Amino acid sequence: MKDFLININGQIHNGPEARISVFDRGFLYGDSVYESTRTFNRKPFRIHQHIDRLFLSAEKISLLPTYSKEQILSEVLKTIKASPCSDLTIRIVLTRGTNTDLGLDTDLSGDNNLIIFTKEIKPNPAWWLTDGVSMIFYQKKIEVSGSLPKTGNYQENILGNREAHQQKAYDAFMINTFGFVTEGTTSNAWIIKDGTLYTPPLSDGVLDGLTRKTLFEMAKRQKLSLPLVEKRLTPEDFKNADECFITSTTRNIVPVTKIEERNIGPGIPGRITLELLRIYLEFVN
Ligand code: PDD
């Protein structure tokens, strides 16, 4: 299965054969940080920014990296080189390490484990652009403030995504304990209303997504045809939006046409959303 290669601490394995200790703290406690990116023309997208964000997430959970940024970059490039695929998704996972015993004590772990997954990237399904995807709202139970670290603990996001699938929706927009929409379970959230593009602020408990960052960069360079504003947004704002979409590095921009069974605008992917996708792809390519 050469289209799925996994690098564990420098050793490259075929996906199904890759193994890690059951004492790894990522497995035991979700005590890890991670990043997902992709390649365009076999070049990793914004890899320095992803590795920087990996280190920021590590800092936020006091995970002391035993790998340097340069070592991680070199392992990522090595894994891409070993893959025969034309374009890949890349997941970089850094766990605190393998414990010598059960227990939370961080002194029980040795050096980090660095795991890099690479897999052939599949194009987004065509119906995402013709029909758009549907979302539900999911009320988060645990309060978080500030921009989120990207750790291996995605429990609330998993529950949100599970609830969405049970309701036959694509995914969930999460609502924080103050009642504001934050993001999708693995994506950032956006609406267009009266000719302005809005997204929730990081301080509401939002991951500082790199696709989100890229759209801000494009706005700064006047590449967008409409103003971009960070604003606290309620579920009502989303339901009454003219257009809505989600973003992530691996999926780019995905139109949302239904929320909680209600059409957004006329219930088809918005004209501005599709135009944004076109100029986004032009920009990142
Ligand atoms: N997730 N918010 C959350 C909670 C995410 O997990 C992600 C990315 C994003 C978007 O970030 P970016 O634009 O950097 O991809 C926002 C990826 C897809 C994942 O978990 O695999």
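Just so you know, these numbers come straight off a predicted model, no measurement behind them. Ligands are counted one by one from 1 in listed order, and the atoms in each one are counted from 1 as well.
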Would you call R91 a ligand 1 contact, heavy-atom distance under 4.0 Å? yes
Nearest non-hydrogen protein atom, atom 17 (C) of ligand 1: K150 NZ, 3.6 Å
Which residue and atom name correspond to the protein heavy atom nearest atom 12 (P) of ligand 1, and how close is it? T249 OG1, 3.3 Å
Main chain of F137, side chain of E260: is a donor-acceptor contact present, judged purely on distance under 3.5 Å? yes
Side chain, backbone, both or neither: S36 near ligand 1, heavy atoms under 4.0 Å: side chain
For atom 16 (C) of ligand 1, find the nearest protein heavy atom and state the residue, atom name and distance (0.1 Å precision). S187 C, 3.4 Å
Distance flag, aromatic centroids of F173 and Y138, threshold under 6.0 Å: no
For atom 13 (O) of ligand 1, grab the closest protein heavy atom and report residue, atom and distance to one decimal in Å. T211 OG1, 2.6 Å
Considering only the protein, which heavy-atom contact is closest to atom 14 (O) of ligand 1, and what is its distance? L210 N, 2.8 Å
Ligand 1 versus T250, non-hydrogen atoms closer than 4.0 Å: side chain, backbone, both, neither? side chain
Can you tell me which residue and heavy atom of the protein come closest to atom 6 (O) of ligand 1, and the distance to 0.1 Å? Y154 OH, 2.6 Å
Pick one: which of R91, Q49, K150, H50 meets side chain to side chain donor-acceptor pair (under 3.5 Å) with E35? H50
Atom 2 (N) of ligand 1 has as its nearest protein heavy atom E183 OE1, 2.7 Å
Just which atoms of ligand 1 are under 4.0 Å from any heavy atom in R53? 14 (O)
Full working for side-chain hydrogen bond (donor to acceptor under 3.5 Å, both in side chains) between R42 and T39: CA-CA 5 Å; R42 286 184 61 87; T39 61; over 6 Å; no
L226 and L197 have their tightest heavy-atom pair at CD1-N, 3.8 Å
Atom pair CG/CZ of L64 and F55 - distance to nearest 0.5 Å: 10.0 Å
Grab the two heavy atoms, one from I72 and one from I116, that are nearest each other, plus how far apart they are. O-CD1, 4.4 Å
If you have a sec, work out which protein heavy atom is nearest atom 11 (O) of ligand 1 and how many Å separate them, to one decimal? G209 CA, 3.4 Å
Sub-4.0 Å heavy-atom approach of K213 to ligand 1: no
Taking the six-membered ring for Trp and the full ring for Phe, Tyr or His, determine whether the centres of Y34 and Y154 are under 6.0 Å apart. yes
Are more than 12 heavy atoms, taken from residues, nucleotides or ligands other than E17, located less than 6.0 Å from that residue's CD atom? yes
Check T185 against ligand 1 and report side chain, backbone, both or neither, counting heavy atoms closer than 4.0 Å. backbone
Can you tell which part of N188 has a heavy atom less than 4.0 Å from ligand 1: side chain, backbone, both or neither? both
Minimum heavy-atom separation for T199 to A189, with atom names? OG1-O, 2.6 Å
Quick note on ligand 1: atoms under 4.0 Å from a heavy atom of Y34 include exactly 19 (C), 20 (O)
What atoms of ligand 1 come within less than 4.0 Å of a heavy atom belonging to N157? 4 (C)
With distance as the sole criterion, is a donor-acceptor pair present between the side chains of N9 and N113 under 3.5 Å? yes
